[in-house]
Amino acid sequence: MNAPTTILHVDMDAFFASVEQRDRPELRGKPVIVGGDPTKRGVVAAASYEARKFGVHSAMPTREAHRRCPDAIFVRGRMNVYKSVSRQVFAIFEDVTPMVQPVSVDEAFLDVTGALHLWGNDPVRIAEHIRTRIRKEVQLTASVGIAPNKFLAKLASDMNKPDGYTVVPRDAEAIRAFLAPLPVGRIWGVGKKTGDKLAGHGIHTIRDLQAANPKELTAWFGEHAARHLLALSQGLDDRPVHDREPEKSMSSEHTFGEDQTDPTVWRRILLEQSEEVGRRLRKAGLWSGCIHLKVRNDKFQTRTRQQTLAVPTRQDLEIYHAALALLEKTAPDRPIRLLGVGASHLTDTPVIPGPAQLDLFADTPPAQASDPAVLDRVIDQLRERYGDKAVQRAALARKPEEKE
Ligand SMILES: [Mg+2]
């Protein structure tokens, strides 16, 4: 009998601040802010629950935190200590299941589906086992969300914080009801801009989104984003837990048969490479936050350049435009022997939790045939069916102002 997919999201409570309170008893029960000196520039790395009562949260400028909570005790972070505690906690996770995907030093997704039978098919027993071991072995508390998928598990771990757990129902109707009262901002990928835009259309809660007209949503946000929003509003999310280290980077390189001096050829190759990198990102369910370019000339001089993106991407043309800008920066003055496009800073969850959450849909144009995300998907499908050369994006290889 197959056990139903069961994901835990385990999140340490106010991790850095709790470690400080654990190691320095005089800080217990006090508002503690990890993040250096309030008179200097910087941001809060973590705040104890006592400090959070004053509206202090991570990523807030330390000066603002000091203004809101003048009695707070500021301490400098001890990253080495946090990392070593983190290793202890992850060792506990890995005793339960090999399917552990770290989200950060203090949180992880665990796919416990295969372990359920050892626990009387009761995931709460697993969650409580983990929480008990963490309390005993590192004297800290963690909160756990238990759910059929990652999106719901992460939402749930936040609901009985600190030192609690929440079980999300399995039944589709019950999941809808569970999500309905939450603000749309709780949906994975919805940041401030998208939240404001939804509010402008009268959509404030997930209930509003569940009742929204898919055609209208598509007109406002584009097909890709509309589909994503509707699926998540129903609690549907099929991202797997990556049990091994996800790939760190992807790249595509090409050595010319003959050294090339023609910029049109360079650009065509860059486009092909960008498409290949984009296709591999989409296939792996990843986004890239940094695009790389490698250029080698006929003298075997190699230059590499990279560009960090404001918002992670997996769209061919966004990758291409970043690579092209990098090529223009290198201003090649000799024939080119090798070109390569790469992508790093890969993530399957392009969301920074809390106030700094990235907005996946902010600048999504309305749906149309030229919607890049739609186009990428169509091209992927055609190539899968008819081979790599089935579709060429030749016209797009030229810059808009260029005519041939
Ligand atoms: Mg945490």
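In each ligand, atom 1 is the first atom listed, and ligand 1 is the first ligand listed. Throughout, numbering of the chain's residues begins at 1 and tracks the sequence.
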Colleague: Answer yes or no: is there a donor N or O on one side and an acceptor on the other, between the side chain of Gln306 and the main chain of Ile291, under 3.5 Å?
Modeller: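 Side chain of Gln306 to backbone of Ile291, a donor-acceptor pair under 3.5 Å: no, none is there.
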Colleague: For atom CG of Asp238, decide whether the heavy atoms of other residues, nucleotides or ligands shown that lie under 6.0 angstrom number more than 12.
Modeller: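 No - once you tally the heavy atoms of other residues, nucleotides and ligands closer than 6.0 Å, there are 12 at most.
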Colleague: Honestly, is Arg87 close enough over Phe90, meaning NZ or CZ under 6.0 Å from the six-membered ring centre and within 45° of the axis?
Modeller: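 Pair Arg87/Phe90 does not count as cation-pi.
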Colleague: Does Asp11 put an N, O or S atom under 2.8 Å from the Mg ion (ligand 1)?
Modeller: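 Here the distance criterion (N, O or S atom, under 2.8 Å) is met by Asp11, so yes.
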Colleague: When you check the gap from the basic side-chain N to the acidic O, do Lys154 and Asp158 get nearer than 4.0 Å?
Modeller: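 Not counted as a salt bridge, because no side-chain N and carboxylate O are separated by less than 4.0 Å.
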Colleague: So, is Met12 placed with an N/O/S atom under 2.8 Å from the Mg ion (ligand 1), counting both backbone and side chain?
Modeller: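 So Met12 counts as coordinating the Mg ion (ligand 1), yes.
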Colleague: Which N/O/S atom belongs to Asp106 and is the closest one to the Mg ion (ligand 1)?
Modeller: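 This turns out to be OD2.
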